[in-house]
Amino acid sequence: MRNYGAGSIAFGNNMFIGIFNGDIICSSDGQEWEVNFEPNLFSLLDNDEILLGITYGNERFVSFSNKGCSYVSSDNGNTWTKTQTIITV
């Protein structure tokens, strides 16, 4: 079973996007939430990779993982691309 992390929410482009319990959730008002069934984000992850959070900046949502990889969406979380950037802390 894949572990998707605890959950994280970001706001940008008049949209809330969250990662929670293995789903991408979205809301335009922060109160009514829908599961977005279309994103390819989880198919990009390695088997032992866990998403740790999501943020918004420079007109993009960015999610990052325990393996230091980042994933970027510029269409409100509908499609995601794994970047070559490795984040180290």
Side-chain angles (χ1 to χ4, degrees):
M1 176 184 285
R2 181 184 294 278
N3 181 349
Y4 291 105
S8 180
I9 297 172
F11 178 78
N13 197 28
N14 296 315
M15 181 70 66
F16 291 92
I17 303 287
I19 298 170
F20 187 72
N21 289 338
D23 292 319
I24 299 290
I25 56 176
C26 56
S27 173
S28 60
D29 62 9
Q31 294 183 16
E32 299 292 324
W33 293 86
E34 295 181 6
V35 174
N36 186 344
F37 294 105
E38 297 302 321
N40 64 327
L41 177 56
F42 297 114
S43 67
L44 299 173
L45 299 176
D46 291 337
N47 285 336
D48 58 348
E49 191 169 10
I50 300 167
L51 293 175
L52 300 177
I54 187 168
T55 190
Y56 183 85
N58 202 24
E59 300 182 9
R60 292 175 176 82
F61 285 94
V62 179
S63 184
F64 52 93
S65 76
N66 64 317
K67 289 195 166 189
C69 296
S70 58
Y71 301 86
V72 177
S73 174
S74 58
D75 62 357
N76 283 348
N78 290 310
T79 57
W80 295 85
T81 303
K82 185 174 184 175
T83 67
Q84 296 300 316
T85 304
I86 302 296
I87 302 167
T88 57
V89 180

Could you grab the distance from atom CZ of F16 to atom CD of Q31, nearest 0.5 Å is fine?
9.0 Å

If every non-hydrogen atom of I54 is compared with every non-hydrogen atom of F61, which pair is closest and at what distance?
CD1-CD2, 4.2 Å

Partner set under side-chain hydrogen bond (donor to acceptor under 3.5 Å, both in side chains) for Y71, not counting sequence neighbours
E49

Would the distance check show the side chain of S70 and the main-chain N or O of F64 forming a donor-acceptor pair, the cut-off being under 3.5 Å?
no

Looking at OG of S65 and CG of D46, how far apart are the two atoms once the value is rounded to the nearest 0.5 Å?
8.0 Å

Could you work out, with side-chain contact (heavy atoms from CB on, under 4.5 Å) as the rule, every residue matching N58, not counting sequence neighbours?
R60

State, to 0.1 Å, how close S73 and G77 come at their nearest heavy-atom pair, and which atoms those are.
OG-N, 2.9 Å

Search all heavy atoms of L44 against all heavy atoms of K82 and return the closest pair with its distance.
CD1-N, 4.0 Å

Contacts of type side-chain contact (heavy atoms from CB on, under 4.5 Å), residue I25, not counting sequence neighbours
F20, D23, W33, V35

Run the numbers on S63 and I19 for side-chain contact (heavy atoms from CB on, under 4.5 Å), then give the verdict.
CA-CA 9 Å; S63 184; I19 298 170; 3.2 Å; yes

Looking only at heavy atoms, the pair that brings N78 and D75 closest together is ND2-O, 2.9 Å

Using side-chain contact (heavy atoms from CB on, under 4.5 Å), reason through L41 and L51 one step at a time and then give a plain yes or no.
CA-CA 10 Å; L41 177 56; L51 293 175; 3.6 Å; yes

For the pair N13 (side chain) and M15 (backbone), establish whether a donor and an acceptor sit closer than 3.5 Å, ignoring hydrogens and angles.
no

